[in-house]
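As structure tokens, the structure follows; a few thoughts come after it.
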Amino acid sequence: MPSTLGAMSAESSLAPRLRAALNAVPAYVPGKPAVAPPGITAYKLSSNENPYPPLDSVRVVLDKALDTINRYPDMSNVDLIAAIAAFVGVAPANIAVGTGSVGILGQIIQATCDAGDEVVFAWRSFEAYPIVAALAGAVSVPVPVDAAQRHQLGAMAAAVTERTRVVIVCSPNNPTGTVVHRDELEAFLAEVPRDVLVVLDEAYLEFVRDAAAPDAVQVWRANPNVMVLRTFSKAYGLAGLRVGYAVAHEAVAAALRKCAVPFGVNSLAQAAAIASLEAREELLARCDALVSERERVVAGLLDQGWPLCDSQANFVWFTLGADSSAFSAACQDAGLMVRQYGTDGVRVTIGEVEANTRFLEVAAAFGPR
């Protein structure tokens, strides 16, 4: 008879069983923190963050909210949902919130996909899409963007099969910055089956100035299989607090709330988001300033001869191929952290005026490719 010690020893040598689906999960690559040679100010242009600090009015609310962080936040997010619903012009039943738009993306896939189901999205696009799909055991169906770095909506519609549960349309697209237009989106939706959920991801909505871009809430109202995804991380400058929201038809919104992590949106995030909606005009003035900086940077790059796609976000995209690493290194040597995507290209966030000016100098020295 084997000894108990021997049995325990054999058992302890076994590793815990983990889901095989994890083998298909790609790693999320965050933007690098800002570092610089001695004597040079470093700037982080790698994460599409808002460079402005919190508004004074938001700071006051956060300071007051600190008094209650010994208590759990409102799990139902009643006040936050009411504020968002009033801002968007919909019923509270049409709003779901989560830990940033990434958190809600996870809720969407959990609510719609079983193992083997399909999620269609453009590529290159937001790198969280294949991650949340793989975590659910779903199959990613990436559809290449076109030469202008725009969604090929016709090809995306053609990629829909009986196993497709979700199609994600990222506009402005991260990392290329391009937007879909109203007419092409309507034609696309006419081809997608009504039992397939179409997610309009608008994380960079407030930076859009293209008059041909659709009103996503209007599109949602007209289509029972459409939902809208937004975040407080970018224009509202609350990236560190992790809060986003979805505008969805009632059954979908209820499913998203069911899949949310209990107490996921913390009390500070709830308070700051509500205060930010109240101070929206002041925040949008900051967005206008960032758009002006984007236009200045784009004009400078075009004058240098760089071929650029039409970015409507708070960043610009460089399709650099094999030169991506050298370009990133040149930026880093100048104290600018940018976001490299392998050999596809490099994304550069519009940041502080000084950072943008320095970046134009680096781009001029490197030369267009």
Side-chain angles (χ1 to χ4, degrees), residues 77 80-98 100-113 119-122 125-126 128-129 132 151 153 156-157 160 164-174 178-208 210-236 243-260 273 277 280 312-313:
N77 302 278
L80 175 57
I81 286 177
I84 294 171
F87 161 66
V88 177
V90 302
N94 295 124
I95 299 295
V97 297
S101 58
V102 175
I104 301 175
L105 279 168
Q107 294 163 228
I108 292 167
I109 303 303
Q110 290 176 44
T112 56
C113 292
V119 181
V120 176
F121 49 81
S125 192
F126 186 30
Y129 298 156
V132 295
H151 281 53
L153 290 178
M156 291 175 68
V160 173
T164 304
R165 298 293 176 266
V166 179
V167 180
I168 306 173
V169 178
C170 186
S171 181
N173 186 44
N174 178 15
T178 55
V179 296
V180 301
H181 290 157
R182 187 181 308 108
D183 55 349
E184 60 188 355
L185 180 60
E186 290 174 353
F188 164 76
L189 291 171
E191 294 186 52
V192 176
R194 291 295 190 180
D195 61 350
V196 173
L197 180 64
V198 177
V199 180
L200 304 181
D201 186 348
E202 292 192 314
Y204 301 92
L205 168 68
E206 292 83 0
F207 303 105
V208 176
D210 187 340
D215 179 332
V217 174
Q218 185 180 63
V219 174
W220 162 78
R221 292 184 190 279
N223 294 274
N225 62 327
V226 168
M227 63 165 286
V228 181
L229 183 60
R230 292 175 177 172
T231 183
F232 286 90
S233 294
K234 310 303 180 183
Y236 292 88
V243 55
Y245 67 94
V247 182
H249 293 284
E250 193 166 340
V252 174
L256 298 180
R257 290 192 290 271
K258 188 177 292 187
C259 295
L277 287 174
R280 188 168 187 270
Q312 292 292 310

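Between the OH atom in Tyr129 and the CG atom in Asn174 there is a gap of 7.5 Å [rounded to 0.5 Å]. Distance CG/Leu105 to OG1/Thr231: 10.0 Å, rounded to 0.5 Å. To the nearest 0.5 Å, atom CG of residue Leu229 and atom CD1 of residue Ile168 are 8.5 Å apart. Distance CG/Asn77 to CD1/Ile84: 8.0 Å, rounded to 0.5 Å.
If you run side chain to side chain contact (heavy atoms under 4.5 Å, CB included) between Val169 and each of Leu153, Asp201, Val226, Val179, only Leu153 comes through.
The salt bridge (Lys or Arg N to Asp or Glu O under 4.0 Å) contacts involving residues 245-258 comprise nothing, where partners must be two or more places apart or lie in separate chains. A ring pair (Phe, Tyr, Trp, His ring centres under 6.0 Å) check over residues 210-236, counting only residues at least two apart or in different chains, returns the pairs Trp220-His249, Phe232-Tyr236, Phe232-Tyr245.
Across all their heavy atoms, Val243 and Ala273 have their closest contact at CG1-CB, 4.2 Å. When all heavy atoms are compared, the tightest approach of Thr112 to Ile108 is OG1-O, 2.8 Å. The two residues Val167 and Met156 have their closest heavy-atom pair at CG1-CE, 3.8 Å. Nearest heavy atoms, Pro224 versus Ala222: CD-O, 4.1 Å. In this structure, Val208 and Ala213 approach most closely via the heavy-atom pair CG1-CB, 3.9 Å. Minimum heavy-atom separation, Leu185 to Pro214: CD2-CG, 3.7 Å.
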Could you tabulate the donor-acceptor pairs under 3.5 Å formed by side-chain atoms of residues 190-199, not counting sequence neighbours?
unit_1 : atom_1 : unit_2 : atom_2 : d
Arg194 : NH1    : Asn223 : OD1    : 3.1
Arg194 : NH1    : Asn225 : OD1    : 3.3

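Formation of a donor-acceptor pair under 3.5 Å by the Arg230 side chain with backbone atoms of Ala203 is not found in this model. Between the side chain of Arg165 and the main chain of Ile109, no donor-acceptor pair closer than 3.5 Å is present.
Gln110 meets the side-chain contact (heavy atoms from CB on, under 4.5 Å) test with Cys259; sequence neighbours excluded. Remark: Asn94 pairs with no residue by the side-chain hydrogen bond (donor to acceptor under 3.5 Å, both in side chains) rule, at least two apart or across chains. Scanning for ring-ring contact (aromatic ring centres under 6.0 Å, His included) contacts around Phe188 gives an empty result, with sequence neighbours left out. For Glu186, there are no side-chain hydrogen bond (donor to acceptor under 3.5 Å, both in side chains) partners two or more places apart in sequence or in a different chain. In this structure, the side-chain contact (heavy atoms from CB on, under 4.5 Å) partners of Thr178, at least two apart in sequence or on a different chain, are Gln149, Arg150, Asn173, Thr176, Cys309. Ser101 is linked by a side-chain hydrogen bond (donor to acceptor under 3.5 Å, both in side chains) to nothing, counting only residues two or more places apart in sequence or in another chain. Partners of Thr164 by side-chain hydrogen bond (donor to acceptor under 3.5 Å, both in side chains), not counting sequence neighbours, listed by chain and number: Glu118. Residues passing the side-chain contact (heavy atoms from CB on, under 4.5 Å) test with Ala255 are Ala111, sequence neighbours excluded. Ala251 meets the side-chain contact (heavy atoms from CB on, under 4.5 Å) test with no other residue; sequence neighbours excluded.
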Intermediate values then yes/no, side chain to side chain contact (heavy atoms under 4.5 Å, CB included), Cys170 and His151
CA-CA 8 Å; Cys170 186; His151 281 53; 4.2 Å; yes
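When side chains are defined from C-beta on, Met227 does not count as touching Val166, because their heavy atoms never get closer than 4.5 Å.
Using the six-membered ring where Trp is involved, Phe207 and Tyr204 have ring planes that are tilted, between 30° and 60° apart.
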